[in-house]
2 protein chains.
Amino acid sequence: MEYLDQTDLTILRILQKDAKKTAKEIAEILNITPSPVYERIRRLEKQGYIKKYVAILDKDLINRSITTICQVSMRYHDEAFIEKFEEQIQSLEEVQECYHMAGQIDFVLKINVKSLEEYHDFVKYKLSKIENIGVLNSTFVLKEIKHTSEFFIG
Amino acid sequence: MEYLDQTDLTILRILQKDAKKTAKEIAEILNITPSPVYERIRRLEKQGYIKKYVAILDKDLINRSITTICQVSMRYHDEAFIEKFEEQIQSLEEVQECYHMAGQIDFVLKINVKSLEEYHDFVKYKLSKIENIGVLNSTFVLKEIKHTSEFFIG
DNA sequence: GGTGAAAAATGGGCCCC
DNA sequence: GGGGCCCATTTTTCACC
């Protein structure tokens, strides 16, 4: 694995805040010409540092205002059950995040829905249909204090 | 607030998956010319549906492999304490997400760090320095099953 | 650093509500 | 008459040498 220099890190910091910044703009910040900036960005994409570029939408405007954190524990912990659970979670479009955890809680899920009614339907018809779920504990987000896709670089 | 038609929704679905799709490519999918696609995207940006465009980085490659979910409860629930807590959390760059929750747990945080040692330092020197924290319970992510910035549209 | 290709952005004009 | 779409043009950016 090759290491990144300060120029690479600066480029990554800029792009994870604003992917629309042009190579020219970044070049001005770095006091170099646009060409090496292009090349570095292409390299960072190719090496996998930059996975993709996405638009971040306003969840209230697109009617996904309700966010819940849902803790799930399995009844049995066979490899097969775990894998099947993970597979099924992937396909649930309401689930934005899912983590397999250390400790008593097996999985933590973050779910976005339109309304409390929709969450009810989600749990009733989708989540609880997954077999082998033991404990299922939902808590509702009152306010989003911070939510970013950025990582601290450096 | 104006409503979005199916064309708008399709554009949003495409862009939150891949912001590099050109207006021309989107136009081909929609069977229209690029111009209305441009115009709609500008409008969606102006109206706030699209908040920003960002690069998604690989957290392992940039050395943020350790993710923890941290549950925090406050000792006192004065407005002033809550607001100060929220303010201080905003400025912690290790914290990627923070939600004010309903229920016994006041806040849920998602934190990315390089190593267990760094997490130790984070809790010791940053998080626990915030006054009025009562309970602080960290659990570690063993595996990221799903993590997307996309919302289900529709 | 420079060049050809491509995409973004803009403006005029058309058609259908 | 207005909104949305198409087409043509200019400007900017990209990608490659």
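Per chain, numbering begins at 1; letters A, B, ... match sequence-line order.
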Problem - Single-linkage hydrophobic cluster B:Tyr99~B:Ile69, side-chain heavy atoms < 4.5 angstrom - result: yes
Exercise for the section: Check whether B:Val135 and B:Met101 end up in the same hydrophobic cluster, where Ile, Leu, Val, Met, Phe, Trp and Tyr are linked by side-chain heavy atoms less than 4.5 Å apart. Expected result: no
Problem - Check against side-chain contact (heavy atoms from CB on, under 4.5 Å), A:Asp106 and A:His77 - result: CA-CA 9 Å; A:Asp106 287 325; A:His77 292 79; 2.7 Å; yes
Practice task
Give a yes/no answer on whether the side chain of B:Arg40 brings an N or O atom under 4.0 Å of OP1 or OP2 in D:dC5.
Solution key: yes
Handout entry: C:dA8 OP1/OP2 closer than 4.0 Å to side-chain N/O of B:Tyr38
Key = yes
[options]: which one has an atom nearest the side-chain heavy atoms of [X]?
{"X": "A:Thr22", "options": "C:dG1, D:dC5, D:dC14", "answer": "D:dC14"}
{"X": "B:Ala23", "options": "D:dT13, C:dA8, D:dC6", "answer": "C:dA8"}
{"X": "A:Glu39", "options": "C:dA7, C:dA8, C:dG1", "answer": "C:dG1"}
{"X": "A:Lys24", "options": "D:dC6, C:dA7, D:dT13", "answer": "D:dT13"}

Quickly work out the [X] [atom1] to [N] [atom2] distance and round it to whole Å.
{"X": "A:Tyr53", "N": "D:dC14", "atom1": "OH", "atom2": "C1'", "result": "12 Å"}
{"X": "B:Ile26", "N": "C:dA7", "atom1": "CD1", "atom2": "C1'", "result": "12 Å"}
{"X": "B:Lys21", "N": "C:dA7", "atom1": "NZ", "atom2": "P", "result": "13 Å"}
{"X": "B:Asn31", "N": "D:dG4", "atom1": "CG", "atom2": "P", "result": "20 Å"}
{"X": "B:Lys20", "N": "C:dA6", "atom1": "NZ", "atom2": "P", "result": "18 Å"}
{"X": "A:Lys46", "N": "D:dA15", "atom1": "NZ", "atom2": "P", "result": "14 Å"}
{"X": "A:Arg42", "N": "D:dT13", "atom1": "CZ", "atom2": "C1'", "result": "11 Å"}
{"X": "B:Ile11", "N": "C:dA8", "atom1": "CD1", "atom2": "P", "result": "13 Å"}

Handout entry: Residue from B:Ile89, B:Leu136, B:Ile82, B:Ile133 passing side-chain contact (heavy atoms from CB on, under 4.5 Å) with B:Phe107
Key = B:Ile82
Practice task
Look at all strands and tell whether B:Ser35 reaches a base, only sugar-phosphate, or nothing, counting heavy atoms closer than 4.0 Å.
Solution key: base
Problem - Axial cation check for B:Tyr53 ring with A:Lys20, 6.0 Å and 45° limits - result: yes
